[in-house]
Amino acid sequence: MKHRDPKLLVQPGPLLKQPLTTSMAMRDVLIALAPATLAGIWMFGLGALLVLLACIGGAVLTEWAFLPADERRDQLGNGSALVTGLLLGLTLPPALPLWMAFLGGVVSIGLGKIIWGGLGYNLFNPALVGRAFLLAAFPVAMTTWSAQTGSADFFQVPASNLAAPLMHVDYDGVTSATPLGLMKFQQESTALWDLMIGKTSGCIGETSGLLLILGGLFLAFRRDLDWRIPVSILAAVAAFSSLLFLIDAERYPGPLFSIFSGGLLIGAFYMATDPVSSPLTPRGAWIFGIGIGLLVVLIRVFGGFPEGVMYAILLMNAATPLIDRYTQPRVFGKGLKSPQGGQE
Amino acid sequence: MPKTQPDAYQEFFKGLWRENPVFAQVLGMCPMLAVTNSAVNGMAMGLATFFVLVASSLLVALLKRWIPRQVRISSFIIIIATFVTVTDYSLQALVPAIHKELGAFIPLIVANCLILGRQEAFASRQPARLALMDALGMATGFLFALVALGSVREILGEGALFGVDLFGPNFEPWVIMILPPGGFLTLGLLLLFFSWLAERRQKLAERLAEMEVEGS
Amino acid sequence: MNELVWIFISALLVNNFVLAYFLGLCPFLGVSGRLDTAFRLGLATLFVMLITAFCAWLLNTYVLIYAPYLRLISFIVVIASTVQFIEMVIKRVSPGLFRALGIFLPLITTNCAILGLAIFATNKGYGLAEGMIYALGAGLGFTLALVLMAGLREEAELAPVPRLLRGTAINLIIAGILSMAFMGFAGLFSAA
Amino acid sequence: MSGGSEKALKTPGCANSEPSSTRLVATLSIAGLLSGLIIVSVYEATLPTITAYQAKVLREAVFKVLPEIDHIQRLVYVDGGLTPKDTEDPEEEAVFGGYDAAGELVGYAIPSAGPGFQDTIRLLYGYVPSERLVTGMEILESRETPGLGDKIYKDLEFVGEFERLAIDPEILAVKKGTSTAPNEVDAITGATISSKAVVRILNEGNRRWLSKLPAASGQPPAKRRAVPEPEVSATTPHEAAAPSAAPNTDPQQPAGSWPLEAGG
C-alpha cells in the first residue's frame, strides 16, 4: 500500500482532504442541496424520493462492498458516497425505473471512484460518470420525462419506477418535454418565472433554479467551493448565448433561459466544483469554467442532445490534468516529471 | 519425436491462456474492438484473423530461408496483405451479409500488431511445425477473446447470444454495451477478471506449496 | 464549405478515430504514459495521415480505378515508405524525439489509424479537399485523445489505484469514460 | 529447449554475409509478383458473385421504394440530360428509372446521403414525378444509435410515412402524432435528430435532382434542360440554382453545402 500516500501533493484545493474536513464539507453540501431536493420530491411525488433512495443505496452499498473492512467506518462516515448518490439521483428523470437508478449508483462509485483508489483521486465527477453511463445505456428511459404531480397524487408512484430489474419500461403517465427539449425540437420557449421556481418537467433536482442558487451561495459563503468555477461557467454561458441571441433571436434562446434551463445550475454549483476533478489554480478554474460554458452552449445549440452540461463537465474533467499542467508555475510543471519517471 | 511432441502442444496451449494475445498481451485489439458488438461479428472477425495468421505464419516459416533479413518486414507485410485481400474478397463473395457488418475493418487486419508480431518473433525463427502450432494457438486464443467480448456485449446490449433471444421481449437492453464506450469498458473489466483469476490461481499454488513444505 | 466543416468535426470529435472506431489503440495505450511524448507522437501521426491521405487520393484517382484489388497492398506500401522517410528525417533533426518515440515510430506502419484513414476516405468517396480535411480532423482527433489520455494517466499514476487494475485495465476504463464523454458530440453540426 | 532452438535458427540462410541489393530487390519483386498473381486470381474468381450480389441488393431496394414497377434502368445525368448507362463511374451522378410492364416510366429511385446523428446516412427514395410524391424510402447505410436512431429503418411506422408523401413545398418532420398535411412526417420520439436528418437528406436529394428529371415517361429525353414539370416551387430556393451544373461529381455524396441550420 505504498501508494496510499502520494509522492506529490498535487491537490491542495479548497477542500483539504483530512477525513474530518471532508465529512464537514459533505454535510455542508447536503444542507445546500436540501431545499432543491425537497422541492424536487414535492413536485414529482413519492416516485422521485424512491429514485433518490435507490441511487444513494446503490452508491453506498458499492462503497461498502469494495472498501477494506477496516476503512469502512471512516470512508462511509464521511458521507461522500451519500453525496455522490444524491447528486446522481437529482440529475435523473423522476419516472426512471428504480433498478436503473440503483445501477447508476453502483456505476458512479464503481467506475467513478473505486477504480481510481477512492475519495480524492477520481479524475471524473463520479455522479456524472454514473449518469453518462445510464444515458448511454438506456437512452429512452433517461429522456422520458413525467409531468409534475399535484399534491393530490403525491403518493402515486409511476409504474415505470417499479419496472422489474433488467426489464423494459412501460410509460403510462403523462410525459412532457423539458424546456430544453421544447426549445431544441419545437422552438418553443418556456416562461422564465416557471424556470426559476421549477414549474417545469426535468430531472428531479435541476428544475428549481432559485433554490439551487441559494444552496450554491451557502456553499460559497462557507468556502466549500471555488466561487470562480460557477461564476465563470454562468458568465460564459450567458456571454455565448447572448452572442447567438443577438445574431438570431428567433432561433437561439436568450441568456436567462440558458442559465435557468436544464442542469446548468446544479452542474455549475455542485458538480463542476468537485475539488478533486477540477483545476487547482485560480487561472485554471477560470479556463475550466469558460470551457464548460462554451461546451454547454455548443452541445445545446449545435449538437444532437438538447442538454450538454453533463458532457461539458466530463470533457473538462478530462482536460483538467492538462489545465493544471499549463497553469501551474513552471517549477512545479518540471518537478512533476521526475517522480513520474521513478514510479515504474 | 517424443521430445518435440510436448513442445508443439506447449506452443499451442500457451496462446490459449497463459500468453493469450488479448487477455495476457493486450495485442491486436486496435481494429478488432470495433466489430465485437455481437458474438457473431466477433467470431467472424476472429475466424478471418485466424485464417490470415495461420496461413501467413506457415508461409513465413516455410520461406524464411529465402527471405533476407533486411527486407523481412516488407516481405511479411506483403504476405499478410495478400492473405487479407484474399479473405476480404472471399468473404464478400461467400457471406456478403457478414462482410457488410465487418465492412472496412477487414482490410485493417493487416495492421493487427499480433500478426506481424508473431511473424517477427516466432514464425521467422522456428521450424514450420512449431510455427504452425504457435499460430494455431495464438489465433484460437484471439478467436476466443473476440467471441468472449462479443458475447458479453451482445448479452447485455441486446439480451441475446448469437442472435438467440435470452431474456424474453421485456428485457431492457443496455445500449451502451454495443456502443464504443461499452467496448472499452468490457475489455477493461474482462482484463480485470482475468488478472484476478491469474492472481487467485497463483495464491492457491503458493498455499499448496506451503502446505507441502509443512507436510514434509 | 459546410460539408468540409462537418467532415472535419465528424472526424475530430463525433467519430473520433480512437474513441469511436478503436483505431490506433496500440499507440494510444502504449505511448500515452507521458504527456510530451504523446503530443509528439500525435503530431507525427497527423503528419503521416496528411501525406497518406494525399497519396491515397493519387492512388485512387490514377491507379486503383484500373486495379481496385491492389488497394490494400498499395496503401500499405505507401504508408510504410512514408513512415520510413519521416523516421529518417526525425532521426536527423531531433535525436531526442527519436529516442522518445522509440519503437512506436516504425509501428506507425501498423498503426491501424493510418491505414483506416486511407480506407475510410476511399470508402466514403472523398475527393482531394475532403480527404485532406478528413485527415486533418482524424489526426487532430487522434492527438487530442492521446493528449487527454496522457494527462489522465499521469494523474492516475499518483493515485492509489487498486493493484489488479494497474496497467492496461485502468487505461481501457479511462478510455471508456472518455469515450462516453465524447458521445456528447454526437450530432454536432448535423442537427437540423 | 525452445529457447535453444530459437537461437540456433535465428539467422537462417545467409547469416553473416551481407546479401547484395540485387537479391533484396529480387526477393521483394518475386514476393510482389506472386502476391499480385494470387490477388488477381481471387479477384477474378469472386468478382462475378460480388457484383451480382451488389446489383441484387440495389435492385431490391429500388423495387421496394417504387411501387408496381417491372424493370429498372440506371440513368446518368450528362450534358443536361439523362442517359441510360450501366457501368459505374464516380464522376457521374446517377438515378434509377423504374418502368412498368409496358415500358412506361413510373418514377425514379434517387440515392442521397447526408450527416446523421452519428455518421453519414445513405438512403434511396422513390419519386413519382407525375404526382410529385415520394413513394418509399430505404436506408442503405447508417450508424445511428441502436434502439433509438436505428428506428429510421427498424420502425416500420416511420418508414411507412414515406409512402405517398408530398414533396411540396418541402418535406417537414413534425412531432409524433401531429402530422396533418401530406408533406409532413411524424418524427420518431427520442430520435428527432435522426428523423429530421432523413427528411433533410430527402429534401437535399430533391433539390439536386428534381429539376433534372423529366416527368414524361418512356425514353429519357436527351439534351433538354427545360423540364416539363408542372411548376418549380418558389419556396425551395436552391432549386433555381440547381440545374446550372452538376456541382458534385460523386453520386454518393450530396452536392453543394450541408445545410448547417436548415429546417430549423
Side-chain angles (χ1 to χ4, degrees), chain A residues 1-11 66 110-112 114-118 120-124 128-129 131-133 135-136 184-185 276-277 295 298-299 301-305 307-325 336-337 339-341 343-344, chain C residues 2 5-6 9-10 13-16 19-20 32-39 42 100 143-167 169-192:
Chain A
M1 284 287 106
K2 66 172 179 175
H3 289 288
R4 268 298 161 196
D5 41 337
K7 302 233 155 50
L8 251 175
L9 261 182
V10 284
Q11 276 126 353
F66 280 99
L111 286 187
I114 295 290
I115 65 154
W116 306 98
Y121 299 100
N122 51 295
L123 299 181
F124 294 92
L128 289 181
V129 170
R131 185 175 198 273
F133 182 89
L135 182 58
K184 181 151 200 122
F185 301 123
V276 192
S277 53
L295 284 169
L298 186 78
I299 294 175
V301 175
F302 300 107
F305 295 98
E307 173 61 307
V309 172
M310 170 187 81
Y311 289 118
I313 297 178
L314 283 175
L315 287 165
M316 290 312 286
N317 282 165
T320 294
L322 302 183
I323 298 177
D324 273 340
R325 173 68 72 95
L336 257 180
K337 286 177 196 168
Q340 215 91 50
Q343 190 103 8
E344 287 305 306
Chain C
N2 287 341
V5 172
W6 183 75
I9 294 288
S10 170
L13 301 172
V14 183
N15 294 303
N16 185 286
L19 298 174
S32 60
R34 295 278 300 276
L35 194 55
D36 47 349
T37 323
F39 184 62
T143 312
L144 178 67
L146 210 62
V147 166
L148 285 179
M149 186 70 185
L152 291 169
R153 275 182 64 178
E154 287 196 352
E155 290 279 304
E157 284 285 319
L158 299 173
V161 171
R163 194 171 41 78
L164 271 179
L165 267 162
R166 291 193 164 266
I170 181 107
N171 294 338
L172 282 167
I173 291 175
I174 297 178
I177 297 176
L178 257 186
S179 174
M180 276 198 302
F182 266 64
M183 279 180 66
F185 291 121
L188 201 62
F189 292 118
S190 75

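Letters go in sequence order (proteins before strands), and every chain restarts at 1.
A distance of 4.5 Å separates CE of C:M183 from OH of A:Y311, quoted to the nearest 0.5 Å. For the atom pair CG of A:L314 and CD1 of C:I177, the computed distance is 8.5 Å after rounding to the nearest 0.5 Å. The distance from atom CG of A:L123 to atom CG of C:L158, rounded to the nearest 0.5 Å, is 9.5 Å. Rounding to the nearest 0.5 angstrom, the gap separating the CD atom in C:E154 from the CG atom in A:D324 is 11.5 Å. The CD atom of C:E155 lies 9.5 Å from the CG atom of A:L322; values are rounded to the nearest 0.5 Å. Atom CD1 in C:I174 sits 6.5 Å away from atom CD1 in A:I115 (nearest 0.5 Å).
With a 4.5 angstrom heavy-atom cutoff, C:V14 does not touch chain A via any of its atoms. Heavy-atom distances place the side chain of A:L295, and not its backbone, under 4.5 Å from chain C. Neither the backbone nor the side chain of A:F66 has a heavy atom closer than 4.5 Å to any heavy atom of chain C. The contact between C:L152 and chain A is made by backbone and side chain atoms together, counting heavy-atom distances below 4.5 Å.
Side-chain atoms of A:W116 and C:I173, non-hydrogen and from C-beta on, never get closer than 4.5 Å to each other.
Closest approach of A:P321 to C:G151, counting heavy atoms only: CB-O, 3.3 Å.
Under the rule for a side-chain contact (heavy atoms from CB on, under 4.5 Å), the partners of C:L144 that lie at least two apart in sequence or sit in another chain are C:L13, C:L148, C:F182.
Each side-chain hydrogen bond (donor to acceptor under 3.5 Å, both in side chains) pair with one or both residues in residues 169-181 of chain C, not counting sequence neighbours, appears once here: C:R153-C:N171.
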